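What follows is a single structure, written as structure tokens, with notes after it.
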Amino acid sequence: MKTILVLSPHGDDELLGMGGYIINEIQRGHKVHVMFGTDGINEENSKLRIKEIESVSKFIGFTYEIMYHNMDGTLYKIPKNDIVGKIDKRINELKPDEFYSCYPSHHQDHEFIYECGKAAMRLKEGFIPSVYGLYEYIFIDPLSLPQGGLMYIDISNSIDKKLKAFKLYKSQNKKSPSPLTIESVKTLAQMRGIQCGKKYAELIYIQKIII
């Protein structure tokens, strides 16, 4: 059984970027654990976001942890070595075959978590995953070209469950023309599918593979 560790700044980033792959792998019998950077901006908002994360995790079947509470938008205030230390510890405990983090967008939490994830994949003592990749985020600036080998994932059989799961992140469902709509998520999957000859797909930017 394969173990996959996913680093996500907030609840919904993991689903938007690689929810289809997570669903595919869990259905194949593999284990997925998600480390969320934070939940909400205050106590009331955090309770709502935690409830949403719990609903999605049960619906899809992954385990999770939330590293910090009430820090949405302010994760940069936490010493970087604290977060990297938490990731290092979890990697050594779970010994994941694959490790995925967010590609940096204009959101400060995404940029910071990306840097922490990259630091956790440095050459060091302890366990190192065989695969390190960055999942796509719908708000990536098209002018900042992502770097890495392209790995397309066929999610034609899991797109419906991915969209249903996104509906469970009710606080993150916006009105059109926002990218955070069911239609936008589906459209991006269709576009990635067109690029690789599938009906629906997700794109991972591979940073390292150890064979």
Side-chain angles (χ1 to χ4, degrees), residues 2-28 30 32-37 56 60 62 96-107 109-118 120-121 129-167 169 172-174 176-211:
K2 184 168 62 176
T3 298
I4 300 169
L5 180 61
V6 180
L7 186 60
S8 179
H10 319 98
D12 81 333
D13 297 324
E14 83 297 344
L15 184 68
L16 292 169
M18 55 182 300
Y21 182 58
I22 291 173
I23 293 167
N24 287 350
E25 295 306 281
I26 289 176
Q27 289 179 341
R28 292 185 178 113
H30 302 305
V32 177
H33 183 75
V34 182
M35 297 183 72
F36 292 104
V56 173
I60 293 179
F62 62 78
D97 302 274
E98 302 174 9
F99 174 69
Y100 298 99
S101 182
C102 61
Y103 202 89
S105 70
H106 289 312
H107 194 296
D109 285 349
H110 289 232
E111 293 179 355
F112 189 59
I113 288 296
Y114 159 74
E115 290 294 335
C116 293
K118 183 171 67 173
M121 283 300 293
S130 298
V131 177
Y132 169 39
L134 305 176
Y135 56 83
E136 192 170 38
Y137 184 58
I138 205 163
F139 281 108
I140 287 179
D141 185 348
L143 296 179
S144 60
L145 299 177
Q147 300 296 312
L150 306 184
M151 181 173 77
Y152 288 92
I153 300 161
D154 183 2
I155 63 167
S156 301
N157 293 327
S158 54
I159 183 65
D160 289 341
K161 190 165 187 176
K162 174 175 177 171
L163 296 178
K164 288 179 181 177
F166 183 58
K167 289 181 180 179
Y169 280 124
Q172 302 308 298
N173 281 235
K174 309 300 181 183
S176 184
S178 169
L180 293 177
T181 66
I182 294 295
E183 294 75 17
S184 296
V185 175
K186 188 175 182 178
T187 298
L188 179 59
Q190 287 176 321
M191 184 174 71
R192 294 307 180 214
I194 290 171
Q195 293 173 346
C196 67
K198 300 296 180 180
K199 190 171 183 180
Y200 297 100
E202 290 171 341
L203 179 57
I204 299 290
Y205 300 92
I206 295 296
Q207 305 299 293
K208 182 186 296 184
I209 294 181
I210 304 172
I211 299 177

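Given the structure is predicted, the values throughout are model-derived calculations rather than measurements.
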Any idea which heavy atoms bring [X] and [Y] closest together, and the distance?
| X | Y | answer |
| --- | --- | --- |
| I23 | S158 | CG2-CB, 3.7 Å |
| A165 | V56 | O-CG2, 3.6 Å |
| G117 | L7 | CA-CD2, 3.7 Å |
| P129 | I210 | O-CD1, 3.8 Å |

Just wondering, are more than 12 heavy atoms of other shown residues or ligands nearer than 6.0 Å to [atom1] in [X]?
| X | atom1 | result |
| --- | --- | --- |
| K199 | NZ | no |
| K161 | NZ | yes |
| K208 | NZ | yes |

Under the salt bridge (Lys or Arg N to Asp or Glu O under 4.0 Å) test, residues paired with E111 that sit two or more places apart: none

K164: what forms a salt bridge (Lys or Arg N to Asp or Glu O under 4.0 Å) with it, not counting sequence neighbours? none

Between [atom1] on residue [X] and [atom2] on residue [Y], distance to nearest 0.5 Å:
| X | Y | atom1 | atom2 | answer |
| --- | --- | --- | --- | --- |
| I4 | I26 | CD1 | CD1 | 8.0 Å |
| Y114 | H110 | OH | NE2 | 14.5 Å |
| K118 | I113 | NZ | CD1 | 13.5 Å |
| L188 | E202 | CG | CD | 8.5 Å |
| N173 | D12 | CG | CG | 9.0 Å |
| L16 | C102 | CG | SG | 12.0 Å |

Just to verify, what does [X] make a side chain to side chain donor-acceptor pair (under 3.5 Å) with, not counting sequence neighbours?
| X | answer |
| --- | --- |
| H107 | none |
| H10 | D13, D72, D109 |
| Q172 | none |

Mind listing the side-chain donor-acceptor pairs of residues 147-156 below 3.5 Å, one per line with the distance, residues two or more places apart or on another chain?
unit_1	atom_1	unit_2	atom_2	d
Q147	NE2	L145	O	3.3
Y152	OH	Q195	OE1	2.9
D154	OD1	S156	N	3.0
D154	OD1	S156	OG	2.7
S156	OG	Y200	N	3.3

Has the side chain of S184 got a donor or acceptor atom that lies under 3.5 Å from a matching backbone atom of S178? yes

So, the side chain of Y135 versus the backbone of G19: is there a donor-acceptor pair under 3.5 Å, distance only? no

Going through the distances and angles, do Y205 and E136 end up as a side-chain contact (heavy atoms from CB on, under 4.5 Å)? CA-CA 8 Å; Y205 300 92; E136 192 170 38; 3.6 Å; yes

For T3, the side chain to side chain contact (heavy atoms under 4.5 Å, CB included) test, sequence neighbours excluded, returns K31, L94, P96, D97

Those residues at least two apart in sequence (or on a different chain) that pass ring-ring contact (aromatic ring centres under 6.0 Å, His included) with Y132 are F99

side-chain contact (heavy atoms from CB on, under 4.5 Å) between Y100 and Y21, worked out: CA-CA 11 Å; Y100 298 99; Y21 182 58; 3.8 Å; yes

What pairs of residues pass the salt bridge (charged side-chain N to carboxylate O under 4.0 Å, His left out) test when at least one of them lies in residues 14-27, not counting sequence neighbours? K2-E25, E25-R28

Please list all pairs passing the ring-ring contact (aromatic ring centres under 6.0 Å, His included) test where one or both residues lie in residues 178-198, with sequence neighbours left out. none

